[in-house]
Undergrad: 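Below are the structure tokens for one structure; questions will follow.
Atoms within a ligand are numbered from 1 in the order they appear, just like the ligands themselves.
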Amino acid sequence: MPLVTGIELLEDARRRDYAVGAFNVNNMEIIQAIIAAAEEERSPVILQASQGAIKYAGIRYIRALVLAAAEEAKVPVCLHLDHGPSFEQVMECLRYGFTSVMFDGSHLPYEENVRLTAKAVEAAHAVGVSVEGELGKIGGVEEEIRVEDWDVVLTDPEVVPDFVERTGVDYLAVAIGTKHGFYKGEPKLDFERLARIHQLMPDLPLVLHGGSGIPEEHIRRAIPLGVRKINIDTELRAAFVGKAREVMAAKPEEIDPRKILGPAREAMKEKVKEKMRLFGSSGKA
Ligand code: 13P
């Protein structure tokens with residue numbers, strides 16, 4: 001199947017009240033694990049590449065691997081740029097056939113975030129690609145982006161309509177207390193804030209970053225409040241590397257990478273399937 005745009009997936013998720021998992025990828029086994037999970041669950045899926053992934057694998061490899069996976073897949077697959085730092089990066093991804101891009105201007109002053117996001121939207125929409133913006137500042141460490149606790153800025157709901165109208169973004173990452181990476185203690189999500197954003201913009205698909213480690217009941221509560229895309233990276237890495245470590249500890253003489261990465265891929269697939277069931281995307285493709 002050819003790649004589909006982010007908004008196609010998130011519109012369906014909105015209509016049928018579920019969320020699509022957006023899983024971070026940077027090598028062949030990870031892409032295969034996520035696609036196999038999507039096929040087994042009959043779930044739509046978003047594969048996303050961050051700056052770190054693009055640096056590590058190269059944009060050509062990411063594109064080629066994702067296209068190879070999507071070509072064979074019977075479920076809809078979207079290729080998304082996660083936390084695009086610049087207009088140039090957005091343009092490169094458009095050139096390489098990404099079907100969704102994020103422009104992350106959350107560290108910029110508001111007017112600058114509006115101006116640059118609108119510019120990214122204009123370019124992406126011209127070639128039929130949908131765009132995610134970010135308002136507020138999400139905490140934690142996401143590859144090359146580190147936001148300390150004191151620097152977190154939760155999304156001001158009252159500003160959301162202005163931002164969406166002036167930029168034209170198709171979906172919006174909101175800061176409501178989630179964090180990239182593992183949580184120390186129980187994460188505290190600001191559901192009142194989320195509900196207010198959803199009340200002001202009921203048709204706007206919202207994006208939850210830092211999806212790893214959020215208790216299941218919080219996820220179930222967030223979805224009917226407009227969350228349609230949930231980003232997961234850390235938990236998948238932990239499943240993959242945890243299994244690879246286990247195999248290496250049990251068989252220290254093993255030198256065939258396939259015997260280590262194969263089981264790691266399988267473990268990651270199971271974790272992705274678990275998330276798809278939780279998000280309600282299983283059976284929706
Ligand atoms: P986690 O690593 O916390 O799952 O967050 C992933 C993410 O939000 C990528 O943008």
Side-chain angles (χ1 to χ4, degrees), residues 6 9-10 19-27 30-31 33-34 37 45-57 62 66 78-85 89-90 93 98 100-107 130-149 152-155 169 171-189 194 205-216 218-219 222-223 227-242 267-268 271-276 278-279 281:
L9 296 187
L10 302 192
V20 183
F23 304 103
N24 286 74
V25 301
N26 57 55
N27 74 11
I30 293 175
I31 291 170
I34 298 165
V45 70
I46 298 172
L47 303 182
Q48 56 185 14
S50 64
Q51 284 312 285
I54 290 173
K55 266 196 200 158
Y56 175 77
I62 289 177
V66 170
C78 164
L79 174 56
H80 173 77
L81 165 67
D82 190 25
H83 292 285
Q89 182 65 84
V90 167
C93 289
F98 282 51
S100 174
V101 289
M102 174 182 191
F103 178 78
D104 179 359
S106 60
H107 53 288
S130 43
V131 182
E132 174 179 336
E134 179 173 330
L135 201 51
K137 239 194 246 179
I138 296 161
V141 181
E142 196 281 330
E143 303 268 44
E144 299 176 354
I145 306 167
R146 169 185 288 273
V147 178
E148 304 296 344
D149 286 353
V152 168
V153 181
L154 297 185
T155 306
V169 287
Y171 23 100
L172 183 69
V174 289
I176 57 159
T178 63
K179 254 173 129 173
H180 293 116
F182 280 126
Y183 291 87
K184 290 188 209 92
E186 174 105 339
K188 285 192 187 62
L189 304 202
L194 181 62
L206 304 176
V207 182
L208 209 57
H209 282 244
S212 293
I214 300 181
E216 295 194 354
H218 288 12
I219 296 283
I223 292 172
V227 170
R228 303 298 169 208
K229 172 175 180 276
I230 303 180
N231 291 4
I232 303 273
D233 186 8
T234 301
E235 274 192 72
L236 302 197
R237 294 177 183 207
F240 190 89
V241 175
M268 186 186 257
K271 180 54 77 181
V272 174
K273 287 173 70 172
E274 191 187 294
K275 295 294 172 192
M276 288 171 164
L278 173 63
F279 299 164
S281 69

Undergrad: Is Arg228 close to Ile223 at the side-chain level, that is, under 4.5 Å between some pair of heavy atoms?
TA: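 Yes, side chains in contact.
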Undergrad: So how far is it from Leu208 CG to Ile219 CD1, rounded to the nearest 0.5 Å?
TA: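 Going from CG on Leu208 over to CD1 on Ile219, the span is 6.0 Å.
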Undergrad: Once you measure the plane-to-plane angle for Tyr171 and His80, does it fall in the parallel (<30°), tilted (30-60°) or perpendicular (>60°) bin?
TA: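 Taking His80 first and then Tyr171, their aromatic rings sit tilted (interplane angle of 30° to 60°).
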Undergrad: Considering the heavy atoms of Lys179, write down every atom of ligand 1 situated less than 4.0 Å from one of them.
TA: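 Heavy-atom distances to Lys179 below 4.0 Å select 3 (O).
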Undergrad: Please report the interatomic distance CD(Gln48) to CD(Glu132), rounded to the nearest 0.5 Å.
TA: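 Gln48 atom CD to Glu132 atom CD measures 7.5 Å (nearest 0.5 Å).
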Undergrad: Output the distance between atom CZ (Phe23) and atom CE (Met276), rounded to the nearest 0.5 Å.
TA: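 The CZ atom of Phe23 sits 4.5 Å away from the CE atom of Met276.
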Undergrad: Nearest protein heavy atom to atom 4 (O) of ligand 1, by residue and atom, and its distance?
TA: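 Minimum-distance protein heavy atom for atom 4 (O) of ligand 1 reads Ser212 OG, 2.6 Å.
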Undergrad: Among all protein heavy atoms, pick the one closest to atom 10 (O) of ligand 1 and tell me residue, atom and distance.
TA: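 Minimum-distance protein heavy atom for atom 10 (O) of ligand 1 reads Asp82 OD2, 2.8 Å.
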Undergrad: Counting each atom of ligand 1 from 1 as listed, which ones have a heavy atom of His83 under 4.0 Å away?
TA: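 With His83 as reference, the close atoms of ligand 1 come out as 10 (O).
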Undergrad: Among protein heavy atoms, which lies nearest atom 8 (O) of ligand 1, and at what distance?
TA: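 Heavy-atom neighbour on the protein nearest atom 8 (O) of ligand 1: Gly210 N, 2.7 Å.
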Undergrad: Give, for atom SG of Cys93 and atom CE of Met102, the distance between the pair rounded to the nearest 0.5 Å.
TA: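 Rounded to the nearest 0.5 Å, the SG-CE separation comes out at 13.0 Å.
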Undergrad: Does Thr155 reach the main-chain N or O of Ala175 with its side chain, forming a donor-acceptor pair under 3.5 Å?
TA: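 Checked: pair present.
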Undergrad: Relative to the heavy atoms of His209, which atoms of ligand 1 are at a distance of less than 4.0 Å?
TA: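 What qualifies from ligand 1 is 8 (O), 10 (O).
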Undergrad: Please work out which of His180, His80, Arg237, Lys275 has its closest non-hydrogen atom nearest to atom 7 (C) of ligand 1.
TA: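 Looking at heavy atoms only, the winner is His180.
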Undergrad: As an exercise, identify every atom of ligand 1 less than 4.0 angstrom from a heavy atom of Ile232.
TA: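 Going through ligand 1 atom by atom, the ones under 4.0 Å from Ile232 are 4 (O).
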Undergrad: Considering only the protein, which heavy-atom contact is closest to atom 3 (O) of ligand 1, and what is its distance?
TA: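 Checked against all protein heavy atoms, atom 3 (O) of ligand 1 sits closest to Gly181 N, 2.9 Å.
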Undergrad: Side chain or backbone, does Asn24 bring an N or O within less than 3.5 Å of an N or O on ligand 1?
TA: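 Not met; the criterion fails.
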Undergrad: With heavy atoms of Thr234 as the reference, note each atom of ligand 1 found under 4.0 Å away.
TA: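 Atoms satisfying the 4.0 Å criterion: 1 (P), 2 (O), 3 (O), 4 (O).
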Undergrad: Return yes when Glu235 approaches ligand 1 closer than 4.0 angstrom through a heavy atom, no otherwise.
TA: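 Flag not set, Glu235 not near ligand 1.
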Undergrad: Going from NZ on Lys275 to CD1 on Ile34, what distance comes out if it is rounded to the nearest 0.5 angstrom?
TA: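 Separation between the atoms: 13.0 Å.
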Undergrad: CG/Leu206 to NZ/Lys229 distance, rounded to the nearest 0.5 angstrom?
TA: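 Between Leu206 CG and Lys229 NZ, I get 12.0 Å after rounding to 0.5 Å.
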Undergrad: Examine Asn231 against ligand 1 and note whether any of their N/O atoms are separated by less than 3.5 Å.
TA: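 For ligand 1, there is an N or O atom that lies under 3.5 Å from one belonging to Asn231.
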